[in-house]
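Since the structure comes first, as structure tokens, the remarks are kept for the end.
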Amino acid sequence: MPEFQTLPGFREFYPEDLARRNHVFRLWRQAANAYGFAEYDAPVLEPLDLYRAKSGEEIEGQLFSFTDKGGREVALRPEMTPTVCRLVGERAGSLKRPIKWYSIAEFYRYERMQKGRGRCFSQFNADIFGESGPEAEIELIGLLIQCMRGFGLTSADFYVRLSDRNLWVYYLASLGLNDAKTSAMLSAVDKYEKYADDAFKAYITEFGSLDEGLKAKVLSFLKINSLSALKALIAEQASSEKLTARLADWEKVLGGLDAMGLSEFVSVDLGVVRGLAYYTGFVFEAFDRKGELRALAGGGRYDNLVKKLGGPDLPAVGFAIGDMTFGLLLEERGLMPTIVKAPDIYVVIGGELERKVAFGAISSLRALGYSVDYPFKDLGFGKQFKAAAESGAKLALIFGSDEVAKGSVKIRDMAVRSEEEIARSELESTVREFFSK
RNA sequence: GCGGUCAUAGCUCAGUUGGUUAGAGCACAAGAUUGUGAAUCUUGGGGUCGCGGGUUCGAGUCCCGUUGGCCGCCCCA
């Protein structure tokens with residue numbers, strides 16, 4: 001056992017682990033690029049107040065926070081949203097809209113570890129600022145789906161549950177609930193899937209009782225799982241113009257996603273409201289179809305947050321995918337590749353004299369961008385060919401005493417085990433030709 | 001913050017009612033092998049048995065504590 005252990009909940013990435021992480025990041029970047037999002041990054045350490053302002057004082061218990069040597073209260077970032085709100089807010093006046101940004105970054109939360117959750121993790125974050133209409137939701141949900149589809153996951157593997165806090169607020173208002181009751185009821189809705197009727201306990205504690213008729217209406221709304229069911233319920237209880245008007249936004253979002261060919265990935269599901277109070281419209285979460293894992297991704301509209309954090313009034317919608325649960329899903333589906341780091345070329349060297357000649361060729365091939373490896377110590381040819389085969393190189397070059405004396409080099413195609421002797425002057429062009437096939 | 005469970009080599013594990021110097025496979029390295037491919041054989045490095053205390057003539061083994069892993073609860077931006 002090493003004297004100094006890794007801090008609890010932190011991860012180390014040995015080369016194979018990092019190769020897998022890089023693979024995930026690369027496909028996320030590819031998806032974001034395809035959707036026209038620009039990548040940004042920002043400090044890992046932020047003023048503690050940034051998170052207090054967004055989430056309240058109680059957030060501090062779950063942060064890696066401390067006082068720095070200048071007496072500043074700081075925290076390792078637990079999420080990207082406040083940071084990106086600041087970045088965009090500061091330059092909102094000069095950024096072309098819509099502002100479509102993404103980042104891939106590591107985050108830190110001081111909490112208990114569980115499957116799919118650690119104290120440090122990476123997230124892909126994507127946000128659209130400056131568009132209040134549902135067009136932003138279409139684009140963002142499309143990107144979310146592509147971020148998973150790009151790995152070979154299908155609609156049999158995951159889906160996005162789409163809901164809307166506006167609908168809930170309008171609906172509860174039409175049932176006569178005030179703001180306090182609405183917020184308590186949303187919290188109950190959020191918990192209903194897990195706790196069933198017990199989810200209403202907090203509401204009852206706070207407001208004395210829960211009318212059975214009201215509860216039935218809330219439950220029937222919560223169980224809506226299609227646009228037609230939503231329309232029917234609203235038509236039946238049409239007591240709010242806002243509700244009816246909101247249906248047009250739903251038509252747009254679902255219609256847009258359908259036109260993109262993505263409707264099989266999206267379910268209407270008003271049982272999702274997300275716990276966070278700052279969401280102001282559509283909210284969505286991605287889950288594995290089997291329901292074995294915690295949420296893969298989550299997001300929604302937060303039109304008031306940029307302003308709340310000191311920026312201009314700027315509508316926004318965003319989501320994040322965490323790397324831990326997503327990685328578990330890829331592994332379960334056998335979609336996490338075993339990435340083997342192999343050089344293009346392995347060089348077999350006869351001895352000390354030949355090594356000097358070989359170094360010239362190695363250096364020039366490397367300058368051309370080929371990945372070239374060779375043994376540090378003089379080894380028998382048998383060992384070297386074994387090493388060449390184990391390295392995974394596609395080509396082996398042989399600088400033995402015979403070849404060096406003749407000014408030639410043998411070039412061996414490792415896959416078909418065929419060899420050809422060429423003049424050293426032809427090496428670069430021969431290699432180039434081989435790899436262009 | 002709470003509960004359950006586990007901890008022996010880089011990895012997977014064995015280790016008798018407590019008894020000599022803690023083992024195996026895989027992996028790694030050297031040699032057999034100074035001109036050709038994942039084999040084979042030989043050899044080697046690598047352990048304060050998570051850490052600390054206790055019981056005992058004697059602890060990897062039993063007891064207590066602690067740290068860490070895993071699983072769950074709370075929470076989940």
Side-chain angles (χ1 to χ4, degrees), chain A residues 1-12 14-16 46 50-56 58-63 75-85 107-119 121 123 125 127 187 190-191 194-195 202 274-279 283 285 294-300 302 305 309 318-320 322 324-325 340 346-354 375-405 409-419 421:
Chain A
M1 268 303 116
E3 189 175 353
F4 301 108
Q5 295 183 21
T6 314
L7 256 14
F10 282 76
R11 296 180 292 174
E12 290 168 308
Y14 283 78
E16 319 83 80
E46 291 276 15
L50 181 62
Y51 305 111
R52 286 203 188 110
K54 185 203 160 213
S55 308
E58 60 283 3
I59 197 67
E60 209 171 323
Q62 290 168 65
L63 293 177
L76 289 172
R77 62 184 174 199
E79 59 168 325
M80 196 55 112
T81 306
T83 301
V84 72
C85 284
F107 300 93
Y108 308 87
R109 297 178 185 178
Y110 199 89
E111 54 187 352
R112 201 70 179 158
M113 296 180 56
Q114 271 174 65
K115 188 176 189 182
R117 210 169 93 179
R119 286 183 171 180
F121 54 92
Q123 274 187 351
N125 273 262
D127 296 271
S187 169
D190 186 40
K191 294 188 165 72
K194 199 166 181 183
Y195 298 104
R274 309 220 74 205
L276 297 322
Y278 66 83
Y279 283 117
V283 290
E285 293 187 330
R294 60 176 65 239
L296 295 162
Y302 51 98
L305 196 58
L309 292 173
F319 74 85
M324 295 185 78
T325 302
V340 184
Y346 194 92
V347 180
V348 172
I349 300 167
E352 207 176 323
L353 278 175
E354 292 80 11
F376 280 171
K377 300 266 162 58
D378 289 343
L379 291 171
F381 275 61
K383 270 260 156 80
Q384 293 194 60
F385 278 103
K386 190 172 164 182
E390 282 172 353
S391 79
K394 293 170 194 68
L395 273 189
L397 301 183
I398 298 127
F399 286 89
S401 53
D402 299 349
E403 291 84 358
V404 167
V409 55
K410 271 193 188 135
I411 182 162
R412 180 177 177 87
D413 184 331
M414 294 300 286
V416 297
R417 303 184 176 214
S418 68
E419 239 167 60
E421 187 162 356

B/U12 - base-pair partner by Watson-Crick or wobble geometry, distances under 3.5 Å: B/A24
Strictly by Watson-Crick or wobble contacts shorter than 3.5 Å, is anything paired with B/U42, and which nucleotide is it? B/A30
Is the base of [N] touched by the side chain of [X] through a donor-acceptor pair closer than 3.5 angstrom?
| X | N | result |
| --- | --- | --- |
| A/Arg417 | B/U36 | no |
| A/Arg112 | B/C75 | no |
| A/Glu419 | B/U36 | yes |

Which one, B/G72, B/G69, B/A77, comes nearest to the side chain of A/Lys54?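 Ranking B/G72, B/G69, B/A77 by closest atom to the A/Lys54 side chain puts B/A77 first.
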Counting only side-chain heavy atoms from C-beta out, which of B/A38, B/A77, B/U36 sits nearest to A/Lys410?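 When the side chain of A/Lys410 is considered, B/U36 is the closest of B/A38, B/A77, B/U36.
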Selection: residues 396-403 of chain A, any non-hydrogen atom under 4.0 Å of RNA chain B: A/Ile398, A/Gly400, A/Ser401, A/Asp402, A/Glu403
Please report the distance separating the C1' of B/G60 from the corresponding atom of B/C49, rounded so that it comes out in whole Å.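 Roughly 5 Å separates the two C1' atoms.
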Set of salt bridge (Lys or Arg N to Asp or Glu O under 4.0 Å) partners for A/Arg11, sequence neighbours left out: A/Asp323
Going by salt bridge (Lys or Arg N to Asp or Glu O under 4.0 Å), name the residues that satisfy it together with A/Arg412, two or more places apart in sequence or in a different chain.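 Salt bridge (Lys or Arg N to Asp or Glu O under 4.0 Å) list for A/Arg412, sorted by chain: A/Glu419.
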Please answer whether the main-chain N or O of A/Leu63 pairs with a side-chain N or O of A/Arg109 as donor and acceptor at a distance below 3.5 Å. no
Backbone of A/Ile349 reached by a side-chain donor or acceptor of A/Glu354 within 3.5 Å: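 Not at all, since once roles are kept as given, no pair shorter than 3.5 Å links the two residues.
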